[in-house]
Amino acid sequence: MRYLQRSIATLALFAVASWLFANSPSRLDSLKNVLDQEAPYWTPEDLIPLFLDLGKAYIDSGDPDNALNTLDQGINLSTANKMFGLLQELRLEKGRAYLKKDMVEDARVLFQECLTGSSQEQSLSEAQAHQYLSEIFFLRGAFDDAYRHAIDNLLIREKRQDTLAMSAALIQIGDIHFEQDNFRLALRKYDSALDLQKGMSNEESLLPLYTALARVHKKLGRKDKALRYNKKALAIADKLKDRQGIAEGKANNAELYIQLGLYEAAVQEYEDANLIFEDFDDRQGQVKSNTGIGKAYLLAGDPDQALYFLDEASCLAESSTEERQQLS
């Protein structure tokens, strides 16, 4: 059993925690308040989930150092009291914290150690570990290892009949094929993921899928299909108020508009994207959008305007390179 039965007194403490969640400015602050004010009176079975949730909150807030400290407290408490129900989850989140600190090899070792369980609850943790390991090997360009872990992840998800997780696993496999220029194989996986999500309305999971479908159709020369899927992705990003997703979607639209000869529309989309990239101080995005605007103007027969934006892109790229060199 994942959580032991709690006493009436313990449930009362969780009621206090719920009140704190509802009346504090953020999830992280709420959890910290619970830890400071109520946790000293809690038993280990109640503290371990708190350390897990607080560790996740630190990771999501961009504070991996405090996340590692908090998660280690949960791991040590679980081990000392031989309460292993949440140990795998704590270790997986610790691996995520390592990734946030670019400690990729430490994360890989930790995820690998999570592949030892056999119970149903551990199988879910194993699936997550396979997913993370696949991502690590994918970023290293070790596609055979990435593919092996992605398949293992999918097999566990299929066994559990977790439709959304199965779809995500298929997208991951499709991405591996895509990076190896196996575009038709990638499309098959993306289409299978889309079939799984028919009749569902989980927009957060559809966003990366539509983006992937747009990308692969573009590579296959199907610009109209690519534009249609990209517009679907952009509509979801807009609904979710995902400004980074909106910027990427608009930049992707603009690139397709250029290929379709719709230069004015391309300039407008790139300009919209660039405003968001500027807000996020995303230099790479700004270089991309300014370069795209310059290209659109050049193809439209306006070399003066083109030169202005291409120079702007060049200056941004140079300043970004100089900043990286200063930090290294």
Side-chain angles (χ1 to χ4, degrees), residues 52 56 59-60 88-89 91-93 95-100 104 107-108 110-112 114-115 117 120-180 182-219 226 229-230 232-237 239-240 242 244-245 248-249 252:
L52 175 61
K56 289 180 180 178
I59 294 171
D60 293 339
Q88 289 284 65
E89 289 188 53
R91 290 164 66 81
L92 285 169
E93 293 303 319
R96 275 215 308 144
Y98 278 145
L99 289 178
K100 290 286 186 181
V104 178
R108 186 198 65 76
L110 194 56
F111 293 143
Q112 200 74 48
C114 289
L115 303 178
Q120 186 180 39
E121 193 66 31
Q122 288 173 320
S123 292
L124 181 59
S125 297
E126 283 189 346
Q128 195 71 59
H130 280 303
Q131 179 184 329
Y132 290 141
L133 284 165
S134 181
E135 291 172 5
I136 289 172
F137 285 118
F138 177 85
L139 291 173
R140 290 178 173 179
F143 296 121
D144 288 344
D145 288 326
Y147 183 79
R148 175 170 54 84
H149 284 291
I151 288 293
D152 287 340
N153 174 35
L154 177 61
L155 291 173
I156 295 173
R157 304 298 189 179
E158 287 177 338
K159 182 179 178 181
R160 298 174 64 87
Q161 289 297 296
D162 186 339
T163 303
L164 281 177
M166 288 164 60
S167 176
L170 285 165
I171 294 171
Q172 188 174 46
I173 295 169
D175 288 345
I176 295 167
H177 287 311
F178 183 91
E179 287 301 315
Q180 297 178 91
N182 296 323
F183 302 125
R184 294 190 182 278
L185 282 175
L187 179 58
R188 287 181 192 172
K189 297 303 177 184
Y190 296 148
D191 280 339
S192 295
L194 188 61
D195 286 340
L196 282 174
Q197 293 207 43
K198 282 182 178 175
M200 302 178 68
S201 58
N202 190 304
E203 292 173 327
E204 289 185 356
S205 63
L206 283 170
L207 177 55
L209 178 52
Y210 286 148
T211 301
L213 282 162
R215 185 176 65 237
V216 75
H217 279 296
K218 178 184 168 188
K219 284 292 187 180
Y229 279 117
N230 195 63
K232 286 176 178 282
L234 182 55
I236 292 175
K239 186 173 182 180
L240 296 174
D242 178 359
Q244 193 72 37
E248 292 293 342
N252 290 337

| Under the 3.5 angstrom rule, does the side chain of Asn252 hit a backbone N or O of Glu248 as a donor-acceptor pair? | yes

| query | Would His177 and Tyr147 count as a ring pair (Phe, Tyr, Trp, His ring centres under 6.0 Å) if you check the C-alpha gap in whole Å, the side-chain angles of each, and the deciding distance to 0.1 Å? | reply | CA-CA 9 Å; His177 287 311; Tyr147 183 79; 5.6 Å; yes

| query | When rounded to the nearest 0.5 angstrom, what is the spacing between OG in Ser167 and CG in Asp195? | reply | 9.5 Å

| Do Gln131 side-chain atoms and Asn153 backbone N/O form a donor-acceptor pair below 3.5 Å? | no

| said: Could you check whether any side-chain heavy atom of Gln172 comes within less than 4.5 Å of a side-chain heavy atom of His149, counting everything from C-beta outward? | reply: no

| query | What pair of heavy atoms forms the shortest contact from Ala146 to Ser134, and how long is it? | reply | O-OG, 2.7 Å

| request: Salt-bridge test for Asp60 and Lys100: reply yes if a basic N is under 4.0 Å from a carboxylate O, no otherwise. | output: no

| query | Arg96 and Phe111: which non-hydrogen atoms are nearest, and at how many Å? | reply | N-CZ, 3.8 Å

| remark: Value for NZ (Lys239) from CG (Leu234), rounded to nearest 0.5 Å, stands at 14.0 Å

| query | Has the side chain of Gln88 got a donor or acceptor atom that lies under 3.5 Å from a matching backbone atom of Glu126? | reply | no

| said: Angle between ring planes, Phe143 versus Phe138, binned at 30° and 60°: parallel, tilted or perpendicular? | reply: perpendicular

Throw together a table of side-chain donor-acceptor distances under 3.5 angstrom for residues 205-213, partners on residues two or more places apart or in other chains.
residue : atom : partner : partner atom : Å
Ser205  : OG   : Gln197  : OE1          : 2.8
Ser205  : OG   : Asn202  : O            : 2.8
Ser205  : OG   : Asn202  : OD1          : 3.3
Thr211  : OG1  : Leu207  : O            : 2.9

| task | Please check if the side chain of Asn182 supplies one atom and the backbone of Leu185 the other of a donor-acceptor pair under 3.5 Å. | result | no

| Are side-chain heavy atoms of Asp175 and Glu135 found at a separation under 4.5 Å? | no

| remark: Correct closest heavy-atom pair for Leu92 and Ser125 would be CD1-O, 3.6 Å

| Of the non-hydrogen atoms in Ala107 and Leu99, which two are nearest, and what is the gap between them? | CB-CD2, 3.6 Å

| task | Report yes if some heavy atom in the side chain of Gln128 is under 4.5 Å from a heavy atom in the side chain of Glu93; otherwise report no. | result | no

| Looking at CG of Leu170 and CG of Leu154, how far apart are the two atoms once the value is rounded to the nearest 0.5 Å? | 5.0 Å

| note | Rounding to 0.5 Å, atoms CZ (Arg148) and CD1 (Ile176) come to a distance of 11.0 Å

| task | Determine, step by step, whether Arg157 and Leu124 satisfy the side-chain contact (heavy atoms from CB on, under 4.5 Å) criterion, reporting the C-alpha distance in whole Å, the side-chain angles of both residues, the deciding distance to 0.1 Å, and the verdict. | result | CA-CA 8 Å; Arg157 304 298 189 179; Leu124 181 59; 3.2 Å; yes

| query | Between Asp191 and Arg188, is the closest basic N to carboxylate O distance under 4.0 Å? | reply | no

| Can you find a heavy atom in the side chain of Asp242 that is under 4.5 Å from one in the side chain of Glu203? | no

| message | Tell me the closest heavy-atom pair linking His130 and Ile156, and the distance in Å. | response | CD2-CD1, 4.0 Å

| message | If I take atom CZ from residue Phe183 and atom CG from residue Leu187, how far apart are they, to the nearest 0.5 angstrom? | response | 11.5 Å

| Which heavy atom in Gly245 sits nearest to a heavy atom in Ala237, and how many Å separate them? | C-CB, 3.8 Å

| query | Are Tyr98 and Arg108 close enough that some pair of their side-chain heavy atoms sits under 4.5 Å apart? | reply | no

| request: Could you tell me whether the side chain of Leu133 reaches within less than 4.5 Å of the side chain of Leu115, counting heavy atoms only? | output: yes

